[in-house]
**Student:** 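Here it is, the structure in full.
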Amino acid sequence: MSTSTPPALSDPDVPTPLSQPGENMKKQINLLRGWPSPYLLPPSHLLSATNLLLTSPPPDEPSSKFSFNVPALQYGADPGYLPLRHSLAAWLTQNYTAHETYPSHGFPTLTTAEQICITGGASQNLANILQGFTDPAYTRAVWAVSPCYFLAVPIFEDAGFAVGNGKLKGVREDEEGVDLEELERGILEVEMGGGKEWPGKPVYKTPGPDRKCYKHIIYLVATSANPSGITTSLARRHALVQLARKYDALIISDDVYDFLQWPVLPSFSPSSSKNLSLPTPLPRLSDIDISLGPSLHDLSLSAHYTRSAPSPPSSIPNGDGDGDQEMQPLFPTRTISSLHFGHAVSNGSFSKLLSPGLRTGWTHSTPAFAHGLSQTGSTRSGGAPSQFCAALIHQLIQSGALDKHLSEVVRPGLQKRHALMMEAIKRELVGPLGVRVIEDNRTGAEKEKNREGLFGGYFLWLELPEEMGFTAKEVAERALEEERLVVSPGENAEVSGEGVHVAKEEKGGIRFPRHLRVCFSWEEEEDLVEGVQRLGRVLRRTMEEAAKEGGKVKKAGGGGVEGV
């Protein structure tokens, strides 16, 4: 095998390495792939909903001459299938129970259909948001909380924001989420540093009045972050929203794990709960922003678009010809609410709740932002994506099938898988080798108030002890070659890592040379345990080898030893 880094270490669809003749190959175990196990999918619910759509007209069209749901098979409205927007809004309101934790000058909000825009999933919609609400010349930077979901980086690059051109920047996490001091310091450096003058309006885009371009974008996964697992505390969420409102930034939060949380099991047993209700999620960043009303930037934009301008000169004399020209508003139908785009959007997805193959998600934001997002050019060409799947999901929400599937299949299944993997990690990696891993997603006051552990998402973020003297990348390479085990090294989650097109000589950045991401959602339950055991064997062999070679480890592929 080549001594170069195998593509499998950064590719979500990992190929099987070639075997040597006569070699007794182990089964490959893939702890990189962030997919739901087929056991977590709902084929029977989808079949029932599909049968209903294809054999019955909608309830509001009882006299239809067609025996199927015509709107589900047609082009859709730009903001998405209206029945789903209504049923989803009610479902979200029910699950995001109002916390008594909003600031005194704010107010809790109910989710409404006008705040919902149906999308083609979180990744597709991230690209749409960047298309409609950023300008590569006017938008100063994208600030991605690091460690970062590694497949978000190419989406930013496609929109013109890359490390190489200084437009994509990482910002650290601390024990409660994004490090706000570092973020604000970075924003000020970009705004004022080097004497650069930023254009006063977008250069390549003409967004108004349906959309606007933000000066900064802040990207994170606020709940059960991928890969770190951290859930941003409520206090930090409030502070982050205030910072975004101060600097005309848009927070994009991938809220794909909010409904995949469960109590931590100290150890798995067959008597564990078979029906798991959802622990109340923290308010979305979009909830907090909407509760505060329009910001000064929103009001300034409103003043710009509703200001009065002189009407064109009339060809009819007005008496002495010296009268004042009549003043008319630029956009007479626009109001403050229709120009209140806000500073946070919740990017949701049904991929982890039902099936990635549905390619359907939603956003929650101000009504103006939701409308603006629906005006993305590719969306207007035929309406919102996933029209049929949106109608399907509406049926699942209305029938209670979505709640049933989440409480009886998805959350219990993930809870069990998490418990099995954590048991193995404690036994094989933490105790004997000193590997560190968080056991509770919560941070800040939420963790202090309730001692019962809470976890969620798909991933565990392992940290190798410094004294091991070798990198997680070396471990991942050897695990693939020696044990047919696929894990993701921490450098995949670096905003300025090798996955980004930057000059080799560039130094600095936020690095994760001692971290590994492992996923417990995809592989068979017994293979999760076996995978951890294989990882333990690789670590022990590498440690023994490094001790014999005086701090050097053998490179994967038989390439000898190399200093670390």
**Student:** Please step through side chain to side chain contact (heavy atoms under 4.5 Å, CB included) for the pair M422 and F520, ending with a clear verdict.
**Tutor:** CA-CA 10 Å; M422 278 298 298; F520 51 83; over 6 Å; no

**Student:** To the nearest 0.5 Å, tell me how far H45 NE2 sits from S355 OG.
**Tutor:** 13.0 Å

**Student:** Judged by atom type as modelled, is there a donor-acceptor pair below 3.5 Å linking the side chain of T443 to the main-chain atoms of S233?
**Tutor:** yes

**Student:** For the OG1 atom of T363 and the CD1 atom of I118, what is their distance to the nearest 0.5 Å?
**Tutor:** 8.0 Å

**Student:** Evaluate S365 against S286 for side chain to side chain contact (heavy atoms under 4.5 Å, CB included), listing each step before the verdict.
**Tutor:** CA-CA 6 Å; S365 62; S286 53; 5.5 Å; no

**Student:** A side-chain contact here means heavy atoms from C-beta on lying under 4.5 Å apart; do S146 and V171 qualify?
**Tutor:** no

**Student:** About how many Å separate OG1 of T376 and CD1 of I129, when rounded to the nearest 0.5 Å?
**Tutor:** 8.5 Å

**Student:** Please work out whether the ring planes of F455 and H418 are parallel, tilted or perpendicular, with thresholds of 30° and 60°.
**Tutor:** parallel

**Student:** To the nearest 0.5 Å, how far apart are CD1 in I217 and NZ in K169?
**Tutor:** 15.0 Å

**Student:** Are E491 and R511 close enough for a salt bridge, meaning some N to O gap below 4.0 Å?
**Tutor:** no

**Student:** Could you tell me whether the side chain of D254 and the main chain of V256 form a donor-acceptor pair under 3.5 Å?
**Tutor:** no

**Student:** How far apart are the closest heavy atoms of Y81 and A390, and which atoms are they?
**Tutor:** CB-CB, 3.8 Å

**Student:** With a 6.0 Å cut-off on ring centres, are Y458 and W35 close enough?
**Tutor:** no

**Student:** Spell out, as yes or no, whether a donor-acceptor pair under 3.5 Å connects the side chain of E182 to the backbone of R172.
**Tutor:** yes

**Student:** Test R540 against E545 for salt bridge (Lys or Arg N to Asp or Glu O under 4.0 Å), laying out the working first.
**Tutor:** CA-CA 9 Å; R540 285 190 291 273; E545 188 177 283; over 6 Å; no

**Student:** Checking H343 side chain against L250 main chain: does a donor-acceptor pair fall under 3.5 Å?
**Tutor:** no

**Student:** Looking at every heavy atom in both S521 and G34, which two are closest together, and how far apart are they?
**Tutor:** OG-C, 4.3 Å

**Student:** Any idea which heavy atoms bring I155 and S123 closest together, and the distance?
**Tutor:** CD1-O, 3.7 Å

**Student:** Between R514 (side chain) and E463 (backbone), is there a donor-acceptor pair under 3.5 Å?
**Tutor:** no

**Student:** State, to 0.1 Å, how close P432 and K426 come at their nearest heavy-atom pair, and which atoms those are.
**Tutor:** CD-O, 4.1 Å

**Student:** Just by distance, no angles: are the side chains of W91 and D403 close enough, under 3.5 Å, to form a donor-acceptor pair?
**Tutor:** yes

**Student:** Charged N to carboxylate O under 4.0 angstrom, E446 versus R236?
**Tutor:** no

**Student:** Do L539 and V435 have side-chain heavy atoms sitting under 4.5 Å apart?
**Tutor:** yes

**Student:** Is any side-chain N of the basic residue among R427 and E423 closer than 4.0 Å to the acidic one's carboxylate O?
**Tutor:** no

**Student:** Could you walk me through whether V495 and I510 satisfy the side chain to side chain contact (heavy atoms under 4.5 Å, CB included) test, starting with their C-alpha distance in whole Å, then the side-chain angles of each, then the deciding distance to 0.1 Å, before giving a yes or no?
**Tutor:** CA-CA 7 Å; V495 173; I510 305 169; over 6 Å; no

**Student:** Is the shortest side-chain heavy-atom distance between P147 and H515 below 4.5 Å?
**Tutor:** no

**Student:** Would you please indicate if the ring centroids of Y219 and Y149 are separated by under 6.0 Å?
**Tutor:** no

**Student:** Work out which heavy atom in G536 is nearest to a heavy atom in L429; give both atom names and the distance.
**Tutor:** CA-CD2, 3.6 Å

**Student:** Just by distance, do the side chain of E176 and the backbone of T232 share a donor-acceptor pair under 3.5 Å?
**Tutor:** no

**Student:** Quick check on the 6.0 Å ring-centre criterion: do F156 and W143 meet it?
**Tutor:** no

**Student:** Search all heavy atoms of G413 against all heavy atoms of L40 and return the closest pair with its distance.
**Tutor:** CA-CD2, 4.1 Å

**Student:** Looking just at side-chain N and O atoms, do S386 and T360 make a donor-acceptor pair shorter than 3.5 Å?
**Tutor:** yes

**Student:** A side-chain contact here means heavy atoms from C-beta on lying under 4.5 Å apart; do L240 and L183 qualify?
**Tutor:** yes

**Student:** As an exercise, state the distance from CG of L420 to CD1 of I425, rounded to the nearest 0.5 Å.
**Tutor:** 11.0 Å

**Student:** Is there a side-chain contact between E428 and R537 (heavy atoms, below 4.5 Å)?
**Tutor:** no

**Student:** When you check the side-chain N and O atoms of S37 and R417, is any donor under 3.5 Å from an acceptor?
**Tutor:** yes

**Student:** Measure from the ring center of F259 to the ring center of Y96 and say whether it is less than 6.0 Å.
**Tutor:** yes

**Student:** Give a yes-or-no answer on whether the side chains of S228 and E173 include a donor-acceptor pair shorter than 3.5 Å.
**Tutor:** yes

**Student:** Ignoring hydrogens and angles, tell me if any N or O in the side chain of R484 forms a donor-acceptor pair with the backbone of E481 under 3.5 Å.
**Tutor:** no

**Student:** With a 4.5 Å heavy-atom cut-off, do D440 and V264 have their side chains touching?
**Tutor:** no

**Student:** What I'd like to find out is whether the side chain of F388 reaches to under 4.5 Å of the side chain of L54, using heavy atoms alone.
**Tutor:** yes

**Student:** Do E526 and K27 pass the salt bridge (Lys or Arg N to Asp or Glu O under 4.0 Å) test, and can you show the C-alpha distance, the side-chain angles, and the key distance before you say yes or no?
**Tutor:** CA-CA 12 Å; E526 61 271 18; K27 173 185 177 181; 5.7 Å; no

**Student:** For the pair E494 and K473, find out whether any cationic side-chain nitrogen is under 4.0 Å from an anionic carboxylate oxygen.
**Tutor:** no

**Student:** What's the verdict on side chain to side chain contact (heavy atoms under 4.5 Å, CB included) for V437 and V430, showing C-alpha distance, side-chain angles and the deciding distance?
**Tutor:** CA-CA 8 Å; V437 61; V430 175; 4.2 Å; yes

**Student:** Flag the pair Q415 / P263 as yes when at least one side-chain heavy-atom distance between them is below 4.5 Å, and no otherwise.
**Tutor:** yes

**Student:** Using atom types as modelled and distance alone, determine if a side-chain donor or acceptor of T223 lies under 3.5 Å from a backbone N or O of D255.
**Tutor:** no

**Student:** With sequence neighbours left out, what residues match N51 under side-chain contact (heavy atoms from CB on, under 4.5 Å)?
**Tutor:** L47

**Student:** Can a donor-acceptor pair be found between the side chains of R284 and T111 at a distance below 3.5 Å?
**Tutor:** yes

**Student:** Examine distances only and state if a side-chain atom of Q261 and a backbone atom of D258 form a donor-acceptor pair shorter than 3.5 Å.
**Tutor:** yes

**Student:** With a 6.0 Å cut-off (strictly less than), is the heavy-atom count around CD of E466, excluding the residue itself, greater than 12?
**Tutor:** no

**Student:** Measure the NE2-CG distance between H238 and L285 for me, rounded to the nearest 0.5 Å.
**Tutor:** 9.5 Å

**Student:** Do N441 and S224 have a side chain donor and acceptor closer than 3.5 Å?
**Tutor:** yes

**Student:** Determine yes or no for a side-chain-to-main-chain donor-acceptor pair under 3.5 angstrom, with Q395 supplying the side chain and L52 the backbone.
**Tutor:** no

**Student:** Checking R411 against N275: is there a side-chain donor and acceptor pair closer than 3.5 Å?
**Tutor:** no

**Student:** On the six-membered ring of W522, is R33 placed so that its NZ or CZ lies under 6.0 angstrom from the centre and within 45° of the ring axis?
**Tutor:** yes

**Student:** Strictly below 4.0 Å, N to O, side chains only: are E482 and R534 in salt-bridge contact?
**Tutor:** no

